[in-house]
Chemist: 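Take a look at this one; I'll ask things after.
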Amino acid sequence: MRYSGFKVIKEALTGHKGWKPAWRDPDPQPHYDIVIIGGGGHGLATAHYLASVYGQHKVAVIEKGWIGGGNVGRNTTIIRSNYLLDGNEPFYEFSLKLWEGLEQDLNYNAMVSQRGIMNLIHSDAQRDAFIRRGNAMILNGADAEYLDLAQIKKEYPFLNFDDARFPIKGGLAQRRGGTVRHDAVAWGYARAADSRGVDIIQNCQVTGIRIEDGKCRGVETSKGFIGAGRVGCAVAGNSSRLMAKAGMRLPIESHVLQAFVSEGLKPVLPGVITFGAGHFYVSQSDKGGLVFGGDIDGYNSYAQRGNLPVVEDVCEGGMAIMPMIGRARLLRMWGGIMDMSMDGSPIIDRTHIDGLYFNGGWCYGGFKATPASGYAFAHLLARDEPHETATAYRFDRFRTGHMIDEKGMGNQPNLH
Amino acid sequence: MIINHPLLGPRDSAEFVYLGAAALMDRPDPETASAEDWHDYAYLRDNPAGPHRELWFHEGGDRSILIVTRDTTTHEITGVELAREVASK
Amino acid sequence: MHDLTPITALGGSAARVDSVGDVTLTEVPDVALASVAARRRQEAACAQTLERLLGTAVPLPGYAAEGAEYAAFWTGPDQWMLSADFNGYEDVAARIKAEVGDRASVTEQTDAWVCFDLVGGRINAVLELLCNVDLTRFETGRATRTSIHHLGCYVISTNAGQSVRILGPRASADSLHHAITTAMASAL
Amino acid sequence: MTQKNRLNGGQIDRDTTLSFTFDGKHYKGHPGDTLASALLANNVRLMGRSFKYHRPRGPLTAGSEEPNAIVELRSGARQEPNTRATTAELFDGLSATSQNRWPSLTFDAMAINDRLSNFLTAGFYYKTFMWPAAFWEKIYEPIIRKAAGLGSLSMRADPDTYDKGFRHCDLLIIGAGPAGLNAALTAGRAGAQVILADEDFRMGGRLNAETYSVADMSGADWARQTVAELATLSNVRLMPRTTVIGAFDHGIYGAVKRVSDHLATPAAGKPRQILWRIYAKQTLLCAGATERPIAFDNNDRPGIMLAASLRAYATRWAATPAQRVAIFTNNDDGHRTARDLQAKGVKIAAVIDTRQDAARSYDYEVLQGAQVVDTKGRLGLTFVEVKQADGSIRTVECGALGVSGGWNPNVHLTCHQRGRPTWNDSLAAFVPGGTLPPGMSVAGAANGDLSTHGALKSGAEAARKALGLKGRAPAVPQAEDAPGTQTPFWYVEGCSRAWLDQQNDVTVKDVKLSHQEGFRSVEHLKRYTTLGMATDQGKTSNIGGLAIMAELAGKSIPEVGTTIFRPPYTPTAIGVLAGRMRGKEFHPTRLTPSHVWAKERGAVFVEVGNWLRAQWFPLPGETHWRQSVDREVTATRASVGVCDCTTLGKIDVQGSDAATFLNTVYCNGFAKLAVGKTRYGLMLREDGIAMDDGTAARLAEDQFVVTTTTANAGRVYQHMEFVRQCLMPEADVQLISTTEAWAQYAVAGPNSRRLLQKIVDPDHDISNEGFPFMACANITVCGGLRARLFRISFSGELAFEIAVPSRYGDALMRRLMTEGEEFDVTPYGTEALGVMRIEKGHAAGNELNGTTTALNLGMGRMVSKSKDSIGSKLSERPGLNEADALMQVGLRPLSAEDKVTAGGHLMKASGLVDAAHDQGYVTSAAYSPTLGRMIGLGFLKDGGNRMGETLRLVSPVTDLTVEVEVVSAHFVDPEGERVRA
């Protein structure tokens, strides 16, 4: 069922009798060409591009709970392509371009809002690093803009210019960055994939991965065995648990990242702002809530909840850079499981097991990557070769020493 | 969280710096280890959903490094040892 | 004798004193400090020497001990901070090294720290705004490392509920002083 | 304005009158009032507008669960959006403004949305605003954003301060109603360390809102008496006005104390609020229960509120929304409201009871088996339409309607560690169950014990159990003990525009649409309709929505699930979570030993991590920083300069295995370093990447002083402790930081030795022979002060670093200045330091950026193959040793006028300029007064073999393209003759 202005008006006048479920609720078939484990943003996007770009229609997405219940439903909704390294920047720029066409592609309004993202600079060394980054972005065909103090005062008058412990010296802006209504991304991809025949199977837990003589044959689930020509895993924070079923250890640790939203406030923030001298970034949702976050708690966790020290750390950063929010109230906080990789960059690759493919290690940058991740993973699953923007995201880069370490923190996941 | 320090009793985890899996103590033998051993040591993790042995450095305390056994699904801590004592065993 | 004039951690020529209500915060510059860490496999011998220097048992983890010449508090496994009166003991590290010899590593710590005494009937109301110490069980003689406004400090209970000694990183003396005095104004 | 709806009695101080304003109008109230109770007493029912449809709204409740009566409290920089009128304590001069309306509360143009409600159904955004594509950004979204939000920020910095603190106890009791008070009494008398926290400003909970008696006195009096006794116990700490916002791991609770919110402004030095982190061995949750509404058409008009809240306003605050009220109930509790209000002289128009067999009353009319099907009144309730048992419709005139659909235990804190409540059929409600946070137990109404007697009893028992008290339990004071069963009645048959989430305007109709479109799990329902996402977090709305979804899906409520409650329990000011860590106090400040002196010299300071360092020392007449920096560099290279380098990390490494230890942490060798010598050391991470560099000075066979970069001091120390404790546990090594113990100054320049010879005591030979390059020693200065001298150079000149105990640093600096006058000694700051190290080609933070190897830094050969050291093995990986690996080089613009920008990228002299043709990048750049032009350091592919090549340095983001020549990184004294002079 297509959404159109006419349809919306017609339904409004006839009591909304005509709306159908956004996606079917099918029972699993015994065999699919491709089975994707994980009904989150990445898994659903993969299914959509498999069906719409790569002509794959015997595809199933298997989700242990309800689709969109993972990180795509619990993030801070930021999109951007402000990366430094060649292994990353083209991929994230590709993702941003896909975001820009998402509504029309999906016939679903995920409220992509390109109100810009601005990284504040507080020291000379930081300026040097951000200028290098900004140049890398432009040289990769993305947009970047260096803002001096005067411009920042003009555009963001509410920041702390009076008694900042680490005075603002400048900023690097990406005007095309912004935010997206995160739940709608999952629903939009699900609806689009479903409309092209993809089976979305909810409440179906994968209990095992069937491997016979080195080849992956399908998945054992709470709804029985489901055969598959190829199996793609896109389960973010649960990657290690799932791949363990295939006997694999991953260069990944699962960590908790907390996020926060304030009560609804009349609009005050033009876009996304990140504080360069503390752990704080913030944007404002279309409902008026300040959506903000900071650093991960720093310890391995699957608990989907964090603790007070990081809550305080984040709010300290917020008050340091934006002291007007002192009387705004934190409404809700929550935690997601981040698949923190060993160099802070993701993996989209084959495994040593024939027919088993992996997508993970997104750290806390997974949301913005959703479209490109789905696209690149679909490419890999359909063609058995990496997409041109994702060639660096290999398992063996740690063996060969080709790490993609944006932050320069080395093999300590909680520092990325 | 509260970590029950073997010498100092209950201490807030905010006093500690998390160093990662306790497996980091099992550094390969430079004489015999293969490149693969070094890769696995430096880059592969069990990352279990359940009990996890991990290193916490008491940076804001007595500077001991502790091996904490903590359930990553509930955060329940079931064991705390002094890393140096375990290592010298 | 050298002719260089010292300044206090707060940058003055004399110790700083602040009072709110019946609680007084005093900067204490005249403390000489040395860290003593037992050499590996010399732990017992080192403890014996220290016991002799202190004239009392070496403090256990979480405790401090007062001797005639020296006082000490536990800082880590087989490691203690010894203190003495700066006047007459400025060379505290050398003196102690002479006593412990190869049984311990000794490091001068006198000017690594700023020292404050917080004294008065309601110091706990101030302390509970500053550091995560269970004051319901902070008896006289307890000593602990704790964080005060992101500064790693030692807090020693010299008279439960009546007076504590606070050692903080010297370079951050101003920040620590600000934290304590604002807490005094807030709590008292 | 008279308080037209003020009743007799109540717990307000009538002897004192407070004035306040709402939307500019003046009113009067009394101490003990909330803003809501005072407004009701003044016959004001309309207090707000709903989020989406802008429907007129009055208070639904009398507590923190309030969704409707939210206002902007105070004005100016203290303006506080979305404040619940139902919990805001009245103070003299309070000013409040209604929000989310234009132009006024009584006439709100945005109420047009209510007429358009057929279009603005759940999820309508997702289906529309897509055509034409460009319009979303330009037209639709700006309009949506304009309408977004409720209250507004002042846009000014919060002028108040906040504190944070720590408290410890054996038993934390959350909630001071009958259960909490009796628990505190039991635990307190037993001598345990008890904290009793309650969000209200008056302890007692429902006891303050009820008329029944406890132990032969009014419940309120019993509460007052109990609080008075608790106040006498030194082991009990009473914390009123304190909301426990979250239950975190291992018995740590966050609690916000409102210190000054009931005052016009905080007293001098006092905070507005305090965040207490409470460390509790055991916790007892006595949070009570929240009454639940019944959904019927137009159930959201001002004047319609929960029956027990209506009762609370009458009993505790002596206020009523109207003189003629009706009650709509499915249980006996609704009748209690009718009786209490009638006793206060309020006319009961009727009690509409859904039960056919509802008890009749002679005092007021009871309509058995009847239901409210609609209501009237634009800005406030005027009539309710009742469908009677026989099907006939009857109109009842009333200015207020009390609605009672039963009670929901306040299980929120039991869910904060993702434990899920369990469904209790006899209560038809969720009760605490499954896994509670460790150490937590629950008592009273929060646990489903809805009677007062039950609460008192379970409170005492739970306290005894938590503390493991033995012996006979004390007698429970006599109190009402009504049976605690509830029959569910969620909504009136056939209703449609019946509000569930009143703030977010989620109606029964929306839930039906959500089900129709397949959003049937509770998580989907919540996200699709925004049910329970408002500032009240669904405290009054979630269950109703669940119940309807369950019916539509043909499932039971527990099958549909429950939304999990997350912290905070009620919305919490961001300021209190930050406490004092804002402004200049965001991070502590570290000052160097020469700071006082540098300030006198008029130095310009710069933040370096937490340190404040002198950046340069301007002289009179110098108008641009470059003038000062160029002078400092030139003077140092010409004669002698002094720079405070105390900030470099210093670690004392002692023990008989100290050398072996350093041999392991540094990639180059240290075993054979002679006593009295210093050596440069490069430290790798285990992954083979450079971590930090510095020097290690061997002061004795078993003692080294190691220096680290300022930025990495902490991480290097931590790394060394890891190696010591985890990898070399048997080694005899002791580590301790001495960074702040010593004031350390670089004395650099051709005259540095001559200057130092005037200060170093004569018995120490510091001649080139007696104290050659890289020598180190313990010495004395100025007539016997212990000091350390190192002959090391960052500037490339003949240079020393001299260290004395920090307290003498100020005096030493002044002495160096006076003794140095004959050499025109020049103090220099971090800028000149940076310029000189770039001129000399020394790597620093910009080069040691966490991705560079020893090879990149031109130190590949330093990585010893003859020994094992951290990182040596993994540094051999092919990806880190490629033929065209980045190598550090110097960069010299062809034209002396050209600018060099750090962060610029390097491209070949001709050809495409894009990422694919990137040759490297510039790490550091500075104007070199020595060379008379800007110079740079950078990493260039195969840089070692490209000396003399011309490249383009491009920096599109700063709009720069210049031609540079690749040269040696050692711009000054490449042979290193000066340092050895």
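Everything quoted here is computed from the prediction, not taken from an experiment.
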Chemist: Taking D:Glu72 first and then A:Lys266, would you say they form a salt bridge - that is, a charged N and a carboxylate O separated by under 4.0 Å?
Modeler: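 No, no charged N to carboxylate O under 4.0 Å.
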Chemist: Aromatic rings A:Trp187 and D:Tyr126: how do their planes relate, parallel, tilted or perpendicular, breaks at 30° and 60°?
Modeler: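 Judged by the thresholds at 30° and 60°, the geometry between A:Trp187 and D:Tyr126 is perpendicular.
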Chemist: Test side-chain contact (heavy atoms from CB on, under 4.5 Å) on D:Gln79 and A:Arg327 and set out the steps.
Modeler: CA-CA 8 Å; D:Gln79 177 170 313; A:Arg327 300 178 99 84; over 6 Å; no
Chemist: Please flag which part of A:Ala328 lies under 4.5 Å from any non-hydrogen atom of chain D: side chain, backbone, both or neither.
Modeler: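 The answer is both parts of A:Ala328.
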Chemist: Which one wins on heavy-atom pair count under 4.5 Å against chain D: A:Asp286, A:Ile321, A:Ile138, A:Leu106?
Modeler: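 Greatest number of close heavy-atom pairs with chain D: A:Asp286.
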Chemist: Are side-chain N/O atoms of D:Tyr125 and A:Arg181 paired as donor and acceptor at under 3.5 Å?
Modeler: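 Looking only at side-chain atoms, A:Arg181 and D:Tyr125 do not form any donor-acceptor pair under 3.5 Å.
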Chemist: Taking ring pair (Phe, Tyr, Trp, His ring centres under 6.0 Å) as the definition, give me every residue that meets it alongside A:Phe166, ordered by chain and number, with sequence neighbours left out.
Modeler: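 Checked A:Phe166 against ring pair (Phe, Tyr, Trp, His ring centres under 6.0 Å); matches are D:His587.
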Chemist: If the threshold is 4.0 Å, N to carboxylate O, is there a salt bridge linking A:Glu11 and D:Lys127?
Modeler: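 The answer is no: the pair does not qualify as a salt bridge.
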Chemist: For D:Asn846, is it the side chain, the backbone, both or neither that has a heavy atom under 4.5 Å from a heavy atom of chain A?
Modeler: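 The answer is the side chain of D:Asn846.
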Chemist: Under 4.0 Å between a side-chain nitrogen and a carboxylate oxygen: does that hold for A:Arg115 and D:Glu141?
Modeler: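 Salt bridge flag = yes for D:Glu141 with A:Arg115.
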Chemist: Is any side-chain heavy atom of D:His524 less than 4.5 Å from a side-chain heavy atom of A:Ile67?
Modeler: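 Yes - at least one pair of side-chain heavy atoms lies under 4.5 Å apart.
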Chemist: Quick one, A:Pro21 and D:Arg520 - any side-chain contact, counting heavy atoms below 4.5 Å?
Modeler: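 Side-chain contact under 4.5 Å: yes.
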Chemist: Looking at residues at least two apart in the chain, or sitting in another chain, which of them share a side-chain hydrogen bond (donor to acceptor under 3.5 Å, both in side chains) with D:Glu831?
Modeler: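 Once residues adjacent in sequence are excluded, the partners of D:Glu831 under the side-chain hydrogen bond (donor to acceptor under 3.5 Å, both in side chains) criterion are D:Gln615.
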Chemist: Report which part of D:His917 has an atom under 4.5 Å of a heavy atom belonging to chain A: side chain, backbone, both, or neither.
Modeler: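 No part of it gets close to chain A.
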Chemist: May I ask you to say whether A:Asp163 pairs ionically with D:Arg582, meaning some side-chain N is under 4.0 Å from a carboxylate O?
Modeler: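 Looking at D:Arg582 together with A:Asp163, the answer is no, because their closest N to O distance does not fall below 4.0 Å.
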